[in-house]
Protein chains: 2
Amino acid sequence: MSGERQSRANKEDHPVETAPSMEDRHVASVAVAVDVVPFGLRDGALHAALVRVGHADEAGLFAFPGGRVQPVESLDVAARRCLERHLSPTGSFLEQLYAFGEPGRDPSSRVVSVAYLALVPQTEEAPGVHWFPSSDLPPLAYDHGAVADKALDRLRGKLAYTNIAFGLLADGFTLAEFQKVYETILGRALDRRNFRKKVLALELVRPMGRVRHGPHRPAELFQFAQRALTTVETPLTKKG
Amino acid sequence: MSGERQSRANKEDHPVETAPSMEDRHVASVAVAVDVVPFGLRDGALHAALVRVGHADEAGLFAFPGGRVQPVESLDVAARRCLERHLSPTGSFLEQLYAFGEPGRDPSSRVVSVAYLALVPQTEEAPGVHWFPSSDLPPLAYDHGAVADKALDRLRGKLAYTNIAFGLLADGFTLAEFQKVYETILGRALDRRNFRKKVLALELVRPMGRVRHGPHRPAELFQFAQRALTTVETPLTKKG
DNA sequence: TTCTAGTTGTGTACGATTTACACAACCGGA
DNA sequence: TCCGGTTGTGTAAATCGTACACAACTAGAA
């Protein structure tokens with residue numbers, strides 16, 4: 001179901017089932033929030049954006065950006081609003097992650113939070129936003145430690161079978177940079193030649209015909225063939 | 001975040017951000033429910049359990065079992081309660097699927113529903129519960145059509161890389177039955193010899209040393225090596 | 001001008017995995 | 001005793017994954 005209608009429709013014999021009137025009146029009901037886990041790259045390493053909780057029990061700790069879901073707002077819209085309130089970039093990748101609803105997760109009131117995974121490409125500075133290496137997060141408020149774990153798991157999982165990395169890189173990257181994203185998130189080295197072969201064979205990225213000049217041999221620049229999430233049948237990451 | 005605390009802590013300058021007092025008072029706030037999609041096998045085919053919605057706008061339609069989340073109850077517990085209210089089997093597989101929160105999904109009130117995927121082995125009859133082939137569901141109330149799609153996608157996806165099938169079969173099955181589960185859910189045929197080789201090599205199932213007698217050559221009976229969700233590195237389903 | 005350090009770009013041989021495929025064993029019932 | 005229908009098993013070919021080395025190119029230093 002999805003509301004009290006069905007609760008009423010089906011048998012009400014279960015002791016813990018709430019009578020509809022109880023919901024309508026007031027109080028100890030359950031609130032809905034969203035939390036967004038924004039990942040981005042800073043000097044090659046994966047970082048997560050956090051904001052300070054300046055209030056009550058959890059004061060001084062960090063937490064992911066979030067907020068209540070408004071009465072007329074979908075979950076996706078609420079998540080994007082919370083993301084863009086802190087980080088300007090519009091159009092970043094955003095997908096639902098998991099709903100966290102343990103009764104004690106927020107000590108002050110009963111809140112069910114739908115967590116979202118966000119990927120932001122530029123990682124520009126924003127006031128009040130602190131970026132931490134994803135492998136070394138500070139103590140987090142609420143159950144946001146578990147949220148962070150879930151987000152990292154999801155990101156790692158999708159990295160192997162989708163083109164999700166497009167959310168972290170702006171067009172015009174070298175294959176070395178691209179590969180470093182994979183190595184950073186997966187935590188292991190990949191073979192340069194096999195990696196190149198694979199991503200080109202899958203048509204994941206496309207050469208732009210331009211090169212970047214540096215102190216060494218110029219590197220070809222690439223862009224993503226698709227900037228929407230697509231699944232590939234063969235894993236992008238075994239050794240190369 | 002996870003509640004109003006953080007909303008207060010961070011800048012309140014966003015126009016649509018709710019003042020905390022508004023939440024505490026009353027009304028048009030958002031309710032939380034769970035919906036459970038119970039899958040099971042009936043004569044070899046995948047079926048889903050539905051109950052009738054006997055009320056209001058959606059009267060006469062079918063919907064998945066569900067109900068409000070109680071103030072002191074976790075989401076997982078709420079889902080299991082809703083499942084077991086209709087279907088007796090305790091200990092069935094149950095995992096969170098997705099949170100559905102479009103404002104209009106329940107025409108009568110604003111409800112965010114956290115959907116769960118359930119697998120029930122026996123598929124015994126229960127009063128008020130109707131089983132439909134998953135490929136041919138009746139018109140569903142609310143957005144339960146989308147919920148059903150998501151549940152099927154998840155089941156298909158996990159079938160390839162986990163031992164999730166243990167949720168559908170009781171110990172003491174033949175390999176033919178086991179394979180048919182895969183073929184039914186995936187919608188394509190698998191090679192009998194390769195299938196046997198793979199599930200034995202992965203130690204997914206174990207021979208019990210017993211056989212089942214029928215009108216033909218007796219078939220060895222198997223059980224699952226693990227009855228908890230485990231992931232395998234190599235896909236169980238390519239052709240065999 | 002030449003040399004060097006450091007990076008980018010490319011192909012091939014080996015092994016492992018996946019796939020296709022056919023036949024004998026076994027039972028109940030006619 | 002024969003027959004239909006199912007279960008159980010192995011092997012060869014193709015595909016895919018993996019390891020690996022060397023030439024090309026540039027900026028900057030000598």
Side-chain angles (χ1 to χ4, degrees), chain A residues 43-44 159-162 169 171-184 186-223 225 231-240, chain B residues 43-44 159-162 169 171-184 186-223 225 231-240:
Chain A
D43 40 72
L159 205 61
Y161 281 94
T162 73
L169 283 172
D171 282 346
F173 49 86
T174 68
L175 276 192
E177 291 166 344
F178 188 42
Q179 182 177 339
K180 181 140 189 252
V181 172
Y182 276 74
E183 293 181 332
T184 299
L186 296 174
R188 83 190 124 97
L190 303 176
D191 183 275
R192 203 160 48 87
R193 288 159 290 193
N194 295 336
F195 185 78
R196 168 183 289 260
K197 251 184 301 182
K198 204 175 283 191
V199 298
L200 289 178
L202 292 173
E203 292 182 322
L204 201 71
V205 297
R206 232 191 339 238
M208 299 175 68
R210 293 170 34 79
V211 295
R212 176 183 304 168
H213 287 270
H216 308 296
R217 174 171 179 174
E220 223 174 344
L221 293 181
F222 290 82
Q223 61 184 306
T231 303
V232 298
E233 47 307 318
T234 174
L236 284 158
T237 58
K238 290 213 168 164
K239 289 291 177 54
Chain B
D43 40 72
L159 205 60
Y161 281 94
T162 73
L169 283 171
D171 283 345
F173 48 87
T174 69
L175 276 191
E177 291 166 346
F178 188 42
Q179 180 177 342
K180 181 140 190 252
V181 173
Y182 276 75
E183 292 181 332
T184 299
L186 296 172
R188 85 190 124 97
L190 303 176
D191 183 276
R192 203 161 48 87
R193 287 159 290 192
N194 295 337
F195 185 79
R196 167 182 290 260
K197 252 184 300 182
K198 203 175 285 190
V199 298
L200 289 178
L202 292 173
E203 293 182 320
L204 202 71
V205 297
R206 233 191 338 238
M208 298 175 68
R210 293 171 33 81
V211 294
R212 177 183 303 167
H213 287 269
H216 308 297
R217 174 172 179 174
E220 222 175 346
L221 294 181
F222 289 82
Q223 62 184 308
T231 304
V232 299
E233 49 306 320
T234 175
L236 285 158
T237 57
K238 290 210 167 165
K239 289 290 177 54

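The chains referred to below are lettered A, B, ... by the order of the sequence lines, with proteins before strands, and numbering in each begins at 1.
Exactly one residue among A/R192, A/K197, A/K198 makes a side-chain contact (heavy atoms from CB on, under 4.5 Å) with A/N194. That residue is A/K197.
Five base pairs at each end of the helix from C/dT1-D/dA30 to C/dA30-D/dT1 define two local axes, and these are offset by 10° (rounded to 10°).
Taking a 4.0 Å limit (strictly below) on heavy-atom distances, residues 201-215 of chain A reaches DNA chain D at A/G214, A/P215.
Nearest approach of A/L190 to A/E183, heavy atoms of both residues: N-OE2, 2.8 Å. Nearest heavy-atom pair, B/A219 versus B/T174, reported as atom, atom and distance to 0.1 Å: CB-CG2, 3.7 Å.
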Considering only distance and modelled atom types, tabulate donor-acceptor pairs under 3.5 Å from the side chains of residues 201-215 of chain B, sequence neighbours left out.
residue	atom	partner	partner atom	Å
B/R212	NH1	B/E177	OE2	2.5
B/R212	NH2	B/G172	O	3.0

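Judged as a side-chain hydrogen bond (donor to acceptor under 3.5 Å, both in side chains), and not counting sequence neighbours, A/K180 has no contacts. Residues passing the side-chain hydrogen bond (donor to acceptor under 3.5 Å, both in side chains) test with B/Y161, sequence neighbours excluded: A/Y161. Residues that satisfy the side-chain hydrogen bond (donor to acceptor under 3.5 Å, both in side chains) test with B/E220, not counting sequence neighbours, are absent from this structure.
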> Hey, mind stepping through B/V199 and B/L236 against side chain to side chain contact (heavy atoms under 4.5 Å, CB included) and telling me if it holds?
Replying inline: CA-CA 7 Å; B/V199 298; B/L236 285 158; 4.3 Å; yes
> Where do A/F195 and A/Y182 land on the ring pair (Phe, Tyr, Trp, His ring centres under 6.0 Å) test, with the steps shown first?
Replying inline: CA-CA 10 Å; A/F195 185 78; A/Y182 276 74; 5.4 Å; yes
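Taking atom CG of residue B/L190 and atom C1' of nucleotide C/dC21, one finds them 16 Å apart after rounding to whole Å. Separating the NE2 atom of B/H216 from the P atom of D/dT6 is a distance of 5 Å, rounded to the nearest angstrom.
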Please enumerate all protein N or O atoms sitting under 3.5 Å from an N or O of nucleotides 16-18 of chain C, with distances to 0.1 Å.
residue	atom	partner	partner atom	Å
C/dT18	OP1	B/T234	OG1	2.9

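Taken to the nearest 0.5 Å, the CZ atom of B/F178 stands 7.0 Å off from the CG atom of B/L169.
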> For every nucleotide of nucleotides 8-13 of chain C, 5' to 3': is a protein heavy atom under 4.0 Å from its base (B), only from its sugar-phosphate (S), or from neither (-)?
Replying inline: BBBBB-
